[in-house]
Visitor: 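My questions will all concern the structure given below.
Values below: all heavy atoms of this structure, side chains included; hydrogens, waters and symmetry mates excluded. Please read all numbers here as calculations on a predicted model, not as lab measurements.
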Amino acid sequence: EVQLVESGGGLVQPGGSLRLSCAASGFNFNNYAMDWVRQAPGKAPEWVSYISSSGDTISYVDSVKGRFTISRDNAKNSVSLQMNSLRAEDTAVYYCARAGLAAADTFDSWGQGTLVTVSS
Amino acid sequence: DIQMTQSPSSLSASVGDRVTITCRASQTISRHLNWYQQKPGKAPQLLIFAASGLQGGVPSRFSGIGFGTEFTLTINSLQPDDFATYYCQQTYSTPSTFGQGTKVESK
């Protein structure tokens, strides 16, 4: 069974930093690209960042470029999101999602999410 | 960025009803359209990929159709477990973008 478990969320002040982690199990992690998708309260999901299976291709939504960094450790079956210079508008539930093999932006498995609240 | 617009934003239906949700893209996206179901407090779950492909484990009462800019998700014979919010997502260009959602409520 595919499992994705996020951790690292919490309350942070504007301008602060957080590091989210996602532990994967139940599938061959090395073969799959991974994404982070966030969802602000009462809003639609928003794609945030992508990392290829090898880690050599990375992309971000414009609103987080220069502030967020995605990385992965295939030896530990994990993907991370380092978030710096956080803003109130970054407040959301952050989901780790597995990208389908046939289409990189099709999210066929999701974690339970971790809440990030940016507030003073 | 490609804008995705769903209609209606919400609807009321009864068990056994046929429900149709529409998603329109601001430019052509071929068949690069997915549908997700989300229940309160849970992550979205993939229902339909590439406009009409049924994800494994999803009941056959769910179906999708469309090409270009207009797409439809149909739920035949709505079941109690289907009351949820549904989102479309385009994967034609980066950034991938979602519609605003359609909430299916019990009449």
Visitor: Under 6.0 Å between ring centres, would you say that holds for Tyr95(A) and Trp110(A)?
Guide: yes
Visitor: Below 4.5 Å from any heavy atom of chain A, which atoms of Gln90(B) appear? Answer side chain, backbone, both or neither.
Guide: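 No part of it gets close to chain A.
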Visitor: Please state whether the side chain, the backbone, both or neither of Thr97(B) comes within less than 4.5 Å of a heavy atom of chain A.
Guide: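 Answer is neither: Thr97(B) stays 4.5 Å or more from chain A.
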Visitor: Under a 4.5 Å heavy-atom cut-off, does chain A meet the side chain of Gln89(B), its backbone, both or neither?
Guide: side chain
Visitor: Can the positive tip of Arg72(A) be found less than 6.0 Å from the middle of the six-membered ring of Phe29(A), inside 45° of the ring normal?
Guide: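 Yes; both conditions hold, so Arg72(A) lies above the ring face of Phe29(A).
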Visitor: Please look at Thr94(B) and chain A and tell me whether the side chain, the backbone, both or neither of the residue comes under 4.5 angstrom of a heavy atom of that chain.
Guide: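 For Thr94(B), side-chain heavy atoms alone lie under 4.5 Å from chain A.
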Visitor: Between CG of Asn34(B) and OG1 of Thr91(B), what distance do you get to the nearest 0.5 Å?
Guide: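 Between Asn34(B) CG and Thr91(B) OG1, I get 5.0 Å after rounding to 0.5 Å.
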Visitor: Does the ring center of Tyr60(A) lie less than 6.0 Å from the ring center of Phe68(A)?
Guide: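 Not close enough - the centres of the two rings lie 6.0 Å or further apart.
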